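Quick note on labels: first sequence line is chain A, next is B, and so on, each numbered from 1. Values in this document were obtained by computation on a predicted structure and should not be read as measured data.
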Amino acid sequence: MTPARRPILEVRGLTTRFRTDRGIVTAVDDVSFDVFAGETLGIVGESGCGKTVTSKSIMRLLPARTTIIDPKSRIMFEGTNLASADERAMRKIRGDRIAMIFQEPMTSLNPVFTIGWQLDEALKYHTDLDSSGRRKRALEMLRLVEMPEAERRLDEYPHQLSGGMRQRVMIAIALCCEPDILIADEPTTALDVTIQAQILDLMEGLKRKLDTAIVLITHNLGVVAQVCDRVIVMYAGRIIESGPVHDIFHSPEHPYTRALLRSIPKSGHKAHGRRLPTIEGIVPSLFELPKGCRFQDRCEYRQQRCIDVEPELLDVGVGGRVGDPLRQVRCHFPLSGASSSPTIERTGVEP
Amino acid sequence: MWPYIARKLLYNIPVYLGIILIVMACLRVNDPVTAYIGKNASEEQKQALRTSMGLDEPFALQYGRFLLKVVTLDFSERSWELKRPVGSILASSVVPSLSITIPALILTTLIAITISLCAAYVRGSLTDRVLMFGAVLGMSISLLVYVVLGQYFGAYWPKQNLGIGVFAIEGYRPITLSSLNNWVTYCMLPVIITVVLTIGYDTRFYRAVIVEEATRDYVTTAIAKGATKPKVMFVHVLKNAMIPVITHVMITLPFLVTGSIVMETYFNIPGMGRTLITAINSKDFPVIQAFTAVFAAIFIVTNILTDVLYALVDPRVRLS
């Protein structure tokens, strides 16, 4: 299924750095991607790969004093560059056009205000409804996220709800102004598996109903397979592979993506009794990145060129046009060998 | 809410009974009568004093009698030293104490919360650093420096050189509605000094609380909803920060009643703190016993009040 090819968010060369006690560290390095209307885009990767920083950079939620978003970065949303927009412009977009939900439903809601108050707040900022209108809308939203006994919940406090119910409230708050994009940062990680499935179903259903694009940030490939249309795989601050979810799962081009897929526990007779494959080694420290490919230390196909030259993110696959972000990989030796030739041709490096 | 308050009250009854038991037992370890009139007094004199206080009766009976008096607020026993009923001593010392401690507490808390919110709002900036440097400096200077400099530059020097005697160096006159200027003359300077003395510590404490609250997840959620920074600070963060702030204020409250001893002594104000110290020095048994019972009651009442305020601010407390 390919959604309409109309990007509503264009991220180009996003580079986010942090000032730390050990110096400046680049957490997100030259990341470019599009989000199309109504699609679900997954961003996957291990802890510290930059997926959360990417999403918080889009929303500009990172602490201003320690964060430097490179001035060359462009995050284009409806003609505004969010990377350099001022606070006033950002406030108009946050919660209204682009909304966000977080990993920890237990702490994401303010403990001393009622659910109704917290829903009301978002509506107050972005709609012209009067207080009774807002209450009606808040109730409507709670019903939409299938909150049991919605009416009563409006006057309850977060501690009276379970984790799954709180995440429903977070989704209700995020979607109450019908945003164009919902960024969900590990929305189900803190929930147990049955609740996880319910929340994903809910998000999927609401996406269709409200025509909201979802950027789903997760380390759970099972979740990606379940709900995403396209996937971006990140490693040590860079995108290393992207493409439609089907292609990524069936013919991964990057050795890291393949290793990730292999480490998903599978049910069935083949897997029975075998140890789960893991990826040897650890992610390189962002302070001591290698000169060449960032995955080199852990890659079973490493060659001299991987150590010397960092590969670029290039188009691969049949029908991949230059600049078409349908299928990209950052590897000198993509796993389906055939597609590696145009890559080398373009970069002008001898094989 | 009311069952909650009732429960808190019930919990504290055995606590109070225990405090009174310990206090009364401690006061009787050494014979209070001998301590007061001395070794050379005749046995008849001692016996007379003992009988007048009921000190010759069994301890259990004394305990019961005293409790009954406390509960019925009957402080009619006479001070050995001042020959006045303890109740009237108490009554006349409460107003001077409170006319210093209550304004001082309110001013300190309001100013400290305002400064700390501003500092936390611009945290890490030069303004924040200057404010916090001032707070540390203020709390590092000894109390005596403030008292001496305050009395000299606040009261003595203006009067000698400018002929303006707004503040008295020391002393006290009763404050009534028609003589509120007595408050300015006798109480305002000690209030100002108390505020200066405590504000540094309080500001630092409140700022730490607010800065910690400002890093919580719900703050990110509020910003992601489109809230302005003032809205986040003064609505989301402040209400959460009120919990530790209330605790801090309530903990200081009883100490302000008892702890005003220093100000009352230097400014010669006949408050509760100074009265108790004088009574201890002159081994005035009825006054010591009654004042300790009253102070214990103040501590317990403020504790209950703290719990009630918690429940008002924090919905999570109401259920448990």
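Contacts between residues 170-181 of chain A and chain B, defined by a heavy-atom separation under 4.5 Å, are made by A:Met170, A:Ile173. Taking non-hydrogen atoms and a 4.5 Å limit, the residue list of residues 107-134 of chain A in contact with chain B, ordered by number, reads A:Thr107, A:Ser108, A:Leu109, A:Asn110, A:Pro111, A:Val112, A:Phe113, A:Trp117, A:Gln118, A:Glu121, A:Ala122, A:Tyr125, A:His126. Identified by a heavy-atom distance below 4.5 Å to chain A, the contributing residues of residues 113-134 of chain B are B:Arg123, B:Gly124, in residue-number order.
Chain B forms the most heavy-atom pairs under 4.5 Å with one residue out of A:Arg94, A:Glu87, A:Gln103, and that residue is A:Arg94. Between chain A and the options B:Asp217, B:Ile243, B:Thr220, the largest number of non-hydrogen pairs under 4.5 Å is found for B:Asp217. Per-residue heavy-atom pair counts under 4.5 Å with chain B were compared for A:Met90, A:Arg65, A:Lys92, and the maximum is reached by A:Arg65.
For A:Arg74, the CZ atom sits in a loose shell: 12 or fewer heavy atoms of surrounding residues, nucleotides or ligands are nearer than 6.0 Å. Dense packing is recorded around CD of A:Glu204, with more than 12 heavy atoms of other residues, nucleotides or ligands lying under 6.0 Å away. Enclosure of atom CZ in B:Phe205 by more than 12 non-hydrogen atoms of other residues, nucleotides or ligands within 6.0 angstrom is indicated. For NZ of B:Lys229, the number of neighbouring non-hydrogen atoms (other residues, nucleotides, ligands) closer than 6.0 Å is greater than 12. Within 6.0 Å of atom CZ in B:Phe234, more than 12 heavy atoms from other residues, nucleotides or ligands are found, so the atom counts as buried in its surroundings.
With sequence neighbours left out, B:Phe291 forms a ring pair (Phe, Tyr, Trp, His ring centres under 6.0 Å) with no residue at all.
Contacts between B:Val235 and chain A at a heavy-atom distance below 4.5 Å involve backbone atoms as well as side-chain atoms.
To the nearest 0.5 Å, atoms CD1 (B:Ile223) and CZ (A:Arg60) are separated by 12.0 Å.
Between B:Gly226 and A:Arg91, the closest heavy-atom pair is O-CD, 3.5 Å.
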